[in-house]
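Note that ligands are numbered from 1 as they come in the structure, with each ligand's atoms numbered from 1 the same way.
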Amino acid sequence: MSWFQISRVAEGVYRFAEPLGMVDPSWQVYWVNSYLVVGCERAALIDTGLGFVPIRPLVEDLTHLPVLVLNTHNHWDHRGGDAEFEQVAIHGLEAAGLRERPDLAGFRKVLAGPGARPFLPKGFDPATYEVKPSRGTWLLGGGETIDLGGRRLRCLPVPGHSPGGLCFFEEETGLLFTGDSAYAGTLWLQTDDADPARLAVGLRRLLAMDPPPRLLLTGHEEAPVGASLLTDIEAGLNAALSGRAQSRPTKLGRRFDFKRFSILLA
Ligand SMILES: [Zn+2]
């Protein structure tokens, strides 16, 4: 079985899913998703995954067009393949993070353990695994339109999960690539760089868009998901922030469980 589960999720749109939860459930997420969006003149790769195996050859199996990487944010689980590409776009606030080598010593130890070993991709060596530093060649601020030829992605700033979080929206199809701002799983808002109240504002802005998003292509877990998830997350987040929801302590943070998702707060 190959490490990446690749599926066509819309016309010219492919999901590259990696089963992180199968090798290390402690992150409280299962799938890590990246997406390839193929236009007529070029293609966009929205996030590049964990970097366990090279993603570029798999992308080039699907398109011969030049590929621009669009990072939704700089967390290491979404930029593992950035260094394989020449053209990398990211929010200006998060460009410095791309140049950093995250400390993955603990994760490497888990990957080398008996629980993970049988599920790792062939040829993958946990001892030498790292997320390579890369460089942003196009610094975004939100508001840009990325023209792929025949299809256009609008770049929307949605800070909250991280300071320079971006979503990408294709108005014609209603596809919204959310990164980690929304997904049907455990939402990470407990980290030092998170600002949950700002995310609530960003989600409200996404909900007010005209035309509204139709389908969410999310940074983690099963996708696509119907856009009603945004409404639910916005409501859940406000309940958690205002003390109207119950939480329980976990290793990562206070966990609030809702029907289709959970929220981690510090
Ligand atoms: Zn993530």
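Screening the protein for N, O or S atoms under 2.8 Å from the Zn ion (ligand 1) yields 4; no waters enter the count.
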Exercise. Just do the side-chain hydrogen bond (donor to acceptor under 3.5 Å, both in side chains) check on H73 and D47 with the steps written out, would you?
Key: CA-CA 8 Å; H73 63 303; D47 291 336; 4.8 Å; no

Exercise. Could you walk me through whether E170 and T173 pass side-chain hydrogen bond (donor to acceptor under 3.5 Å, both in side chains), step by step?
Key: CA-CA 6 Å; E170 188 175 54; T173 56; 2.5 Å; yes

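The environment of CZ in R152 is sparse: at most 12 heavy-atom neighbours from other residues, nucleotides or ligands sit within 6.0 Å.
In this structure, R15 forms a cation-pi arrangement with W31, its terminal cationic atom sitting closer than 6.0 Å to the ring centre and no more than 45° off the ring axis.
Q28 and R255 share a side-chain donor-acceptor pair at under 3.5 Å.
Looking at K132 and D82, no side-chain N of the basic residue comes within less than 4.0 Å of a carboxylate O on the acidic one, giving no salt bridge.
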